[in-house]
2 protein chains.
Amino acid sequence: MAVTMHDVAQRAGVSIKTVSNVVNGYPYIRAQTRERVEAAIDDLGYRVNMSARNLRTRRTGLITLAVPELSLPYFAELADAVISAADAAGWTVLIEQTSASRERETEVLSGRRRHLTDGLIFSPLALGPDDLGLFTVDFPLVLLGERVFGAPADHVTMNNVEAAKAVTLHLASLGRRRIAVIGAHEGEQVGSAALRTAGYREGLAEAGLPYDPELVGEAGLWHRSTGAEAMSRMLDDGVEIDAVFALNDALALGALHALHAHRMDVPGDVALIGFDDVDDAKYSVPALSSVDPGRDQIAHTAVELLLERIGATDDPAPFRKVVPDSRIVGRESTGDVGTGEPCRVVGTQAGGTEVVPVRTAV
Amino acid sequence: MAVTMHDVAQRAGVSIKTVSNVVNGYPYIRAQTRERVEAAIDDLGYRVNMSARNLRTRRTGLITLAVPELSLPYFAELADAVISAADAAGWTVLIEQTSASRERETEVLSGRRRHLTDGLIFSPLALGPDDLGLFTVDFPLVLLGERVFGAPADHVTMNNVEAAKAVTLHLASLGRRRIAVIGAHEGEQVGSAALRTAGYREGLAEAGLPYDPELVGEAGLWHRSTGAEAMSRMLDDGVEIDAVFALNDALALGALHALHAHRMDVPGDVALIGFDDVDDAKYSVPALSSVDPGRDQIAHTAVELLLERIGATDDPAPFRKVVPDSRIVGRESTGDVGTGEPCRVVGTQAGGTEVVPVRTAV
DNA sequence: TTGTAAGCGTTATCAG
DNA sequence: CTGATAACGCTTACAA
């Protein structure tokens with residue numbers, strides 16, 4: 001049916017090996033031979049059969065990116081960045097949406113959802129530290145996010161605690177005393193919510209502000225709708241506030257909606273800041289202050305680490321943890337222009353590569 | 001290295017074919033044999049080699065979705081819907097971002113960017129009717145959008161003209177007389193901008209309102225920033241308006257920003273409506289009215305048509321064009337709840353499948 | 001610089 | 001119900 005190298009070889013009057021050489025840019029070919037082969041390729045409309053090549057080379061040039069869902073702007077922008085970084089390196093990305101379901105996240109790791117890709121960049125949301133065992137896999141894996149630490153894999157994350165602390169201190173420095181937080185996960189010990197809430201409390205402490213449970217708004221899912229609900233609840237309860245730290249931008253935009261509905265002026269009555277610096281943030285009214293967690297760098301680094309792992313032939317390099325610098329981006333919703341300074345990891349140099357002691361994978 | 005069917009067969013004391021049968025759920029196998037094979041599979045941790053299977057079956061279970069960029073919420077949500085629909089059918093999606101560049105869109109069609117996938121769902125933005133020739137390809141293809149009509153491929157699109165007309169009439173019915181449009185592409189004859197602008201003019205005419213070029217705001221790229229700029233320009237020029245029809249939601253959200261900056265009340269002074277009904281629309285302040293173009297149905301139908309095409313063995317079915325119903329979604333920004341009625345294609349039954357006369361592909 | 005031949009790990013054919 | 005055996009289209013030693 002389809003035209004094969006064999007056909008091309010026959011047409012060009014050379015061996016199949018020579019055609020292969022031409023296709024793969026092998027340099028030592030007589031110009032004349034190359035031309036003949038190329039002509040035959042054009043005439044016949046030949047295109048290499050990737051499946052055959054993949055079988056032979058044991059590599060597909062594909063990587064999987066597994067995220068909760070692309071409808072969430074943060075993950076859409078992350079996917080954009082990952083695809084771009086992979087593309088620049090000549091790789092293609094296949095996307096799995098896990099819907100943050102345990103079952104699907106497990107399947108992704110088990111490899112049953114990993115059709116023929118050479119590696120996986122995985123941002124888990126349902127699995128946690130109790131599932132550490134699942135992360136011992138026999139293929140190249142790079143983890144993203146804050147759900148699981150210490151897995152035998154490279155990990156690119158962000159300095160949540162430090163950034164959240166910096167945000168809180170920043171709000172305090174603007175004279176705000178009743179700083180609410182939206183998006184907390186009560187009792188959770190792990191994940192972005194826990195880390196950012198911890199940073200918030202550290203910030204309060206350092207600013208000499210009391211921690212008031214009334215100021216903590218729960219929101220299980222971080223959607224605009226849940227942000228609006230949490231904010232409304234707090235306002236309806238008559239809690240007094242002069243600032244809101246929403247644990248991500250979706251929550252913040254929802255909260256903004258609720259604040260407006262309650263006739264609160266932002267930033268006049270209430271200063272508002274989010275987290276993630278999603279593209280939307282720039283265009284809300286008022287424009288939303290946020291934390292840029294270094295998304296592009298995260299994506300770029302994740303791809304880089306994964307490809308390194310895939311390409312590694314001999315030495316099982318130690319697993320690495322990378323934490324790009326994040327940065328407060330001040331806009332109208334806090335009535336200032338922020339510091340623009342990186343929220344560095346206190347006590348260490350940030351933005352670096354921490355090499356985690358080797359663990360042997362299976 | 002990796003464990004193969006051969007190893008499993010040996011371990012289970014059966015032939016390789018039997019292992020294959022078990023793996024593929026072939027029904028006529030003695031229960032006992034199956035158990036032995038399954039035990040061997042578990043013991044050895046065997047997993048089928050997809051590349052080998054793909055080579056043999058000439059099918060990969062992969063489809064490509066090519067869109068401009070995932071950072072644009074419309075395409076992120078479309079991708080989400082396409083991936084979900086494909087997944088439900090047991091297929092996996094690989095994403096190409098074209099950045100709306102001619103070169104990359106051409107590459108997608110030429111197949112050079114189509115690593116080993118069985119088909120392509122393509123939403124072109126740079127290529128147009130002049131490039132019709134490029135769309136004659138030798139693999140299953142489903143087109144999305146409004147750039148190219150009449151290509152030899154299945155096509156899922158939306159009823160832009162009718163919806164835009166309905167929007168305009170709707171604004172007029174709310175008593176608005178100076179209805180601006182944001183996002184026009186001057187002189188362009190093809191694409192969403194042209195079609196929606198045409199619908200706008202039809203609507204004006206039917207409402208008995210004059211067409212005033214001052215009310216037409218250009219915006220080449222449909223981003224929030226360009227929407228804000230176009231809106232600002234018009235307001236700075238002192239153009240009098242009482243309604244704005246932004247040709248998509250990103251533009252609308254940008255315009256909303258500019259309206260606020262100019263101290264215009266929405267919907268008091270100016271009614272605002274967008275297009276696409278992106279998730280954001282619900283959570284802006286005020287919530288944005290929009291047009292739901294039937295995104296989920298578009299995604300679902302596109303996948304369905306493509307898989308049908310891929311599965312087709314014999315008969316080259318005629319190319320089909322499908323136009324799901326769209327619907328005005330009224331929210332706060334127009335101060336009403338909209339009609340909720342589908343914007344049906346005038347003069348024909350909408351939401352249907354139009355069968356385009358067969359054309360022979362190469 | 002080019003050709004020969006041996007697989008890569010499956011599935012398909014066809015007996016048995 | 002199960003087993004040989006031949007492809008699938010390509011890369012890669014190894015020769016020439």
Side-chain angles (χ1 to χ4, degrees), chain A residues 1-41 44-62 111-112 114-118 138-139 313, chain B residues 1-41 44-62 111-112 114-118 138-139 313:
Chain A
M1 206 83 286
V3 19
T4 76
M5 271 193 178
H6 220 92
D7 305 327
V8 175
Q10 200 156 0
R11 171 93 168 213
V14 300
S15 88
I16 181 176
K17 173 65 200 316
T18 303
V19 178
S20 173
N21 282 340
V22 169
V23 166
N24 292 295
Y26 184 69
Y28 307 113
I29 300 177
R30 237 189 312 163
Q32 188 195 349
T33 310
R34 187 199 310 281
E35 277 164 26
R36 267 222 312 284
V37 171
E38 280 168 350
I41 287 178
L44 270 42
Y46 168 76
R47 291 209 330 250
V48 309
N49 179 320
M50 285 297 182
S51 292
R53 173 181 286 177
N54 293 346
L55 172 57
R56 192 54 237 238
T57 60
R58 305 161 160 287
R59 192 144 296 174
T60 61
L62 259 38
R112 290 210 295 168
R114 264 194 50 258
H115 297 267
L116 68 87
T117 61
D118 295 331
D138 59 355
F139 50 82
T313 53
Chain B
M1 204 85 285
V3 22
T4 76
M5 272 191 176
H6 220 92
D7 305 327
V8 175
Q10 200 156 1
R11 169 93 168 216
V14 299
S15 89
I16 181 176
K17 174 63 200 292
T18 302
V19 178
S20 174
N21 283 340
V22 169
V23 167
N24 292 293
Y26 183 70
Y28 306 113
I29 300 177
R30 237 189 312 164
Q32 189 196 348
T33 310
R34 185 199 311 281
E35 277 165 26
R36 266 222 314 284
V37 171
E38 279 167 349
I41 287 178
L44 270 41
Y46 168 76
R47 289 205 336 246
V48 309
N49 178 320
M50 285 297 181
S51 292
R53 173 180 286 176
N54 293 346
L55 172 58
R56 193 54 238 230
T57 60
R58 306 163 158 286
R59 191 144 298 175
T60 60
L62 258 37
R112 290 211 294 167
R114 264 195 51 257
H115 297 267
L116 67 87
T117 62
D118 296 331
D138 59 355
F139 51 81
T313 53

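Any value given below was found using the heavy atoms of this structure, including those in side chains, with hydrogens, waters and symmetry copies removed. A note on names: the letters A, B, ... follow the listed sequences, proteins ahead of strands, and every chain is numbered from 1.
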| query | Whole-Å distance between D:dC10 P and B:Arg58 CZ? | reply | 10 Å

Contacts under 3.5 angstrom, residues 24-31 of chain B side chains, donor-acceptor by atom type, not counting sequence neighbours:
unit_1	atom_1	unit_2	atom_2	d
B:Asn24	OD1	B:Arg53	NH2	3.3
B:Asn24	ND2	B:Ser20	O	2.8
B:Asn24	ND2	B:Ser20	OG	3.3

| request: Would you indicate what A:Leu55 reaches in the nucleic acid, counting non-hydrogen atoms under 4.0 angstrom: base, sugar-phosphate, or nothing? | output: base

| query | Taking atom NE2 of B:His6 and atom OG of B:Ser15, what is their separation to the nearest 0.5 Å? | reply | 9.5 Å

| query | Can you find a side-chain donor-acceptor pair between A:Thr60 and A:Asp118 that sits under 3.5 Å? | reply | yes

| field | Rounded distance (Å) that lies between atom C1' of D:dG9 and atom CD of A:Gln10 | value | 15 Å

| request: Rounded to the nearest angstrom, tell me the gap between atom CG in A:Asn54 and atom P in D:dC8. | output: 18 Å

| message | Base contacts versus sugar-phosphate-only contacts with protein, heavy atoms under 4.0 Å: please encode nucleotides 11-16 of chain D as B, S and - from 5' to 3'. | response | BBB---

| If you round to the nearest 0.5 Å, how far is CG of B:Leu55 from CZ of A:Arg56? | 12.0 Å

| field | Spacing between B:Arg59 atom CZ and D:dC8 atom C1', to the nearest angstrom | value | 15 Å

| side chain to side chain contact (heavy atoms under 4.5 Å, CB included) partner of A:Val19, the single match among A:Asp7, A:Val8, A:Thr33 | A:Val8

| field | side chain to side chain donor-acceptor pair (under 3.5 Å) against A:Arg36, all qualifying residues, sequence neighbours excluded | value | none

| Hey, mind stepping through B:Thr4 and B:Asn49 against side chain to side chain contact (heavy atoms under 4.5 Å, CB included) and telling me if it holds? | CA-CA 8 Å; B:Thr4 76; B:Asn49 178 320; over 6 Å; no

| Angle between terminal axes - the helix from C:dT1-D:dA16 to C:dG16-D:dC1, 5 pairs each end, rounded to 10° | 30°

| said: Could you go through B:Val37 and B:Asn21, starting from their C-alpha distance and side-chain angles, then the distance that decides it, and tell me whether this counts as side chain to side chain contact (heavy atoms under 4.5 Å, CB included)? | reply: CA-CA 10 Å; B:Val37 171; B:Asn21 283 340; over 6 Å; no

| Counterpart residues, salt bridge (charged side-chain N to carboxylate O under 4.0 Å, His left out), relative to B:Arg11 (two or more places apart) | B:Asp43

| Side-chain N,O (B:Ser15) to OP1/OP2 (D:dG3) below 4.0 Å | yes

| task | Check DNA chain C against residues 31-40 of chain B and give the residues with a non-hydrogen atom under 4.0 Å, in numerical order. | result | none

| said: Return the OG to CG distance between A:Ser51 and A:Leu116, rounded to the nearest 0.5 Å. | reply: 8.0 Å

| task | Please state how far atom CE in B:Met50 lies from atom C1' in D:dG9, giving the value in whole angstrom units. | result | 19 Å

| task | Could you check A:Asn49 against B:Gly13 and say which one's nearest nucleotide on DNA chain D is further toward the 5' end? | result | B:Gly13

| said: To the closest 0.5 Å, what do you measure between CG (B:Leu62) and CE (B:Met50)? | reply: 9.5 Å

